[in-house]
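What follows is a short report on a single structure.
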Amino acid sequence: YICSRCLMRLPFISPDESCEVCGAIVTGLGGDTGHVCGECRSSRSRARRFDLSASALRFEDVARKMVLDFKFHSKIYLADDFADWMTAAAKARYDVTQIDVVCSMPISLKTRINRGYNQSEYLASRVARNIDRRYDGGILRRVGNPKRQSTLGADERMENVADTIK
């Protein structure tokens with residue numbers, strides 16, 4: 001349950017303010033470059049292992065608190081709302097009938113034991129159901145033992161998980 005006061009304070013992201021490839025919030029999109037940010041047009045983006053990404057919410061204020069509560073404090077009841085918002089974000093940006101399968105990001109055994117669940121599985125399975133697509137939680141697997149992402153900056157995060165998801 002999310003109260004109406006919190007719901008009204010959520011910082012939803014419009015498709016017009018985000019990159020259609022990575023979902024990053026950018027200003028000045030459009031024109032000759034469409035809705036693709038400079039990073040995704042650069043050669044660096046070719047290393048990505050996904051085709052498209054969309055974000056429903058800015059990771060700030062009440063949305064940040066909700067995400068962290070869901071991920072680290074067993075507020076699993078938020079999964080349905082998050083999945084609905086993720087589904088809406090995807091449908092607003094892409095033809096979801098072109099999606100073959102929805103998968104979740106694996107977590108380490110240690111993290112699963114400590115947390116008790118993989119939040120990505122909750123979200124991916126619900127999004128797959130919402131768009132009538134197959135969910136497969138076993139497509140990806142984690143190898144190695146990278147540092148905790150929460151302690152790293154953006155570039156360090158990318159490097160930290162390089163070659164740890166197969």
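Computed from a predicted structure; not experimentally measured. The first residue in the sequence is number 1, and the count goes up from there.
Screening L68, V62, V67, D61 for a side-chain contact (heavy atoms from CB on, under 4.5 Å) involving R64 leaves a single residue, L68.
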List the steps and the verdict of salt bridge (charged side-chain N to carboxylate O under 4.0 Å, His left out) for R126 and E121. CA-CA 8 Å; R126 284 164 172 78; E121 291 173 354; over 6 Å; no

Would R112 and N118 count as a side-chain contact (heavy atoms from CB on, under 4.5 Å) if you check the C-alpha gap in whole Å, the side-chain angles of each, and the deciding distance to 0.1 Å? CA-CA 6 Å; R112 184 178 285 280; N118 179 349; 3.5 Å; yes

Please step through side-chain contact (heavy atoms from CB on, under 4.5 Å) for the pair V102 and R134, ending with a clear verdict. CA-CA 6 Å; V102 178; R134 183 171 65 91; over 6 Å; no

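Side chains of Y122 and S104: a donor-acceptor N/O pair is absent below 3.5 angstrom, by distance only.
Side-chain contact check for F59 versus P11: every heavy-atom pair is 4.5 Å or farther apart. You'll find the side chain of L57 reaches within 4.5 Å of the side chain of F82, heavy atoms only.
For the pair C19 and Y94, the tightest heavy-atom approach, listed with the atom from each and the gap, is O-OH, 4.5 Å. When every heavy atom of Y117 is checked against every heavy atom of F72, the shortest pair comes out as OH-N, 4.1 Å. Pairing each heavy atom of Q119 with each of F70, the nearest pair is CB-CE2, 3.3 Å.
The main-chain N or O of D95 is never found under 3.5 Å from a side-chain atom of Q98 such that the two would form a donor-acceptor pair. Remark: the backbone N or O of I107 is not paired with any side-chain donor or acceptor of T111 at under 3.5 angstrom. Remark: the backbone N or O of A128 is not paired with any side-chain donor or acceptor of R133 at under 3.5 angstrom. A side-chain donor-acceptor contact under 3.5 Å links R93 to the backbone of A89.
Atom CG of D81 and atom SG of C6 lie 11.5 Å apart (nearest 0.5 Å). With rounding to the nearest 0.5 angstrom, the CG atom of D69 is 6.5 Å from the OH atom of Y77. Distance check: M66 CE to L10 CG gives 5.0 Å after rounding to the nearest 0.5 Å. Taken to the nearest 0.5 Å, the CG atom of N130 stands 10.0 Å off from the CE atom of M86. In this structure, the separation between CZ on R5 and CG on L7 is 13.0 Å, given to the nearest 0.5 Å. Here CE of M105 is found 13.0 Å from CG of L123. Values are rounded to the nearest 0.5 Å.
Here E17 pairs with R58 in a salt bridge; the nearest charged N to carboxylate O distance falls below 4.0 Å.
Cluster membership check: Y135 does not share its hydrophobic cluster with L140, using side-chain heavy-atom separations under 4.5 Å among Ile, Leu, Val, Met, Phe, Trp and Tyr.
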